[in-house]
Enquirer: 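Just dropping this structure here.
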Amino acid sequence: MPLKVKVETRAGGAYVIFHPEGSIDANTYTILGVEVDVVMKTPPNLIIFDLADVHYVSSAGVGVVLNAEKQMKSKGGKALLVNLKPQIQRVFDIVKAIPPGQIFQSVKELDTYLAEMQRQVREGSGG
Amino acid sequence: MRHRKARDFLLLNRLPDLDALADGLRDFCLRRGMTDEDFCDVRLAVEEAVSNTIRHGYAQGGLHPIRLRAVIKRGKLRLTIEDDARAFDPLAAPLPDTSLPVEEKRPGGLGILLLRSMVDRAEYRRRGGKNVLRLVRSLRPVSR
């Protein structure tokens with residue numbers, strides 16, 4: 001099954017959101033991997049995988065997310081996941097590739113987290 | 001209309017062949033009462049087993065057949081996957097340590113972990129120069 005990936009930049013480049021659509025499996029994971037590699041050339045503060053339109057992920061797909069989190073963490077950033085369908089959530093629960101605090105059930109939860117992060121940045125910079 | 005309770009699939013050791021296998025197996029399972037969400041678990045177990053074989057099982061290269069038989073019996077889906085790849089028991093392979101910090105985690109082994117997690121029972125044997133992997137999964141799973 002083909003995989004489509006839309007990439008969205010927000011907050012002046014501070015966040016990059018990947019919107020994969022379809023199945024992230026042994027045949028399609030490189031499509032997402034290539035998009036992640038492009039973004040990692042100039043890494044943002046956060047990358048977000050919005051999995052609302054992903055109905056299946058195998059270990060190949062998990063590997064892309066895990067590698068993204070490792071790269072982000074090495075640069076002081078994070079990879080977040082949002083909108084996981086139950087079967088996708090179960091996969092990530094089993095492999096524990098991403099800390100639970102970086103997985104959000106809804107955009108609303110994620111927005112609350114992002115707002116708090118922005119508040120901390122403003123207070124930290126004295127603004 | 002009565003559906004046959006068994007179906008045989010044949011693919012070659014090529015990753016793109018997994019798509020047709022997944023489509024056919026999905027059709028077989030859903031027609032016999034499995035939900036799409038539950039089928040994702042079945043598809044995952046099969047993909048992890050077969051893709052591992054395709055990637056690592058044939059040092060000499062070449063095209064090789066992989067056979068999968070799906071049987072519904074007493075409310076359970078029974079899958080038998082047979083290949084002539086090098087001997088490998090996915091049930092004996094060490095599982096990754098998922099408690100490691102992310103910088104120490106490796107993608108390797110996650111497929112085996114998922115394979116074992118997605119089925120109720122699994123058995124492996126080496127028979128006649130072939131790997132034979134049997135997977136069993138309830139059509140309507142018990143609560144997890």
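All values below were derived from every heavy atom in this structure, side-chain atoms included, with hydrogens, water molecules and symmetry-related copies excluded. Chain letters run A, B, ... following the sequence lines, proteins first and then strands; every chain starts at 1.
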Enquirer: Relative to the ring of B:His64, is the ring of B:Tyr58 parallel (under 30°), tilted (30 to 60°) or perpendicular (over 60°)?
Expert: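 Geometry flag for B:His64 against B:Tyr58: parallel rings.
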
Enquirer: Would you name the heavy atoms of B:Arg137 and B:Met118 that are closest together and state the gap between them?
Expert: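 Closest heavy-atom pair between B:Arg137 and B:Met118: NH1-O, 3.2 Å.
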
Enquirer: Between B:Ile54, B:Thr98, B:Ile112, B:Leu18, which residue shows the highest count of heavy-atom pairs closer than 4.5 Å to chain A?
Expert: B:Thr98

Enquirer: Atom CD1 of A:Ile98 and atom CG of A:Leu81: how far apart are they, to the nearest 0.5 Å?
Expert: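 It is 5.0 Å, given to the nearest 0.5 Å.
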
Enquirer: With a 4.0 Å cut-off on N to O distance, would you call B:Asp89 and B:Arg126 a salt bridge?
Expert: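 Here B:Asp89 does not pair with B:Arg126 in a salt bridge, since their nearest N and O are not under 4.0 Å apart.
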
Enquirer: Sort B:Arg55 into side chain, backbone, both or neither according to what part of it lies under 4.5 angstrom from a heavy atom of chain A.
Expert: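 B:Arg55 touches chain A through side-chain heavy atoms alone.
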
Enquirer: Checking heavy atoms, do the side chain of B:Glu103, its backbone, both or neither come under 4.5 Å from chain A?
Expert: both

Enquirer: Count the heavy-atom pairs under 4.5 Å between each of B:Arg106, B:Glu37, B:Glu47 and chain A, then report the option with the highest count.
Expert: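 Of B:Arg106, B:Glu37, B:Glu47, B:Glu47 has the most heavy-atom pairs under 4.5 Å with chain A.
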
Enquirer: In terms of heavy-atom proximity below 4.5 Å to chain B, should A:Val95 be classed as side chain, backbone, both, or neither?
Expert: both

Enquirer: I would like to know whether B:Val132 and B:Ile81 meet side-chain contact (heavy atoms from CB on, under 4.5 Å); could you show each step before the answer?
Expert: CA-CA 6 Å; B:Val132 182; B:Ile81 304 170; over 6 Å; no

Enquirer: For chain B, find which of A:Ala97, A:Ala26, A:Pro86 contributes the most heavy-atom pairs closer than 4.5 angstrom.
Expert: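 Among the listed options, the one with the most contacts to chain B is A:Ala26.
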
Enquirer: Please name the pair of heavy atoms, one in A:Ile24 and one in A:Tyr29, separated by the smallest distance, quoted to 0.1 Å.
Expert: CG2-CA, 4.1 Å

Enquirer: Please classify the contact between A:Val57 and chain B as side chain, backbone, both or neither, with a heavy-atom cut-off of under 4.5 Å.
Expert: backbone

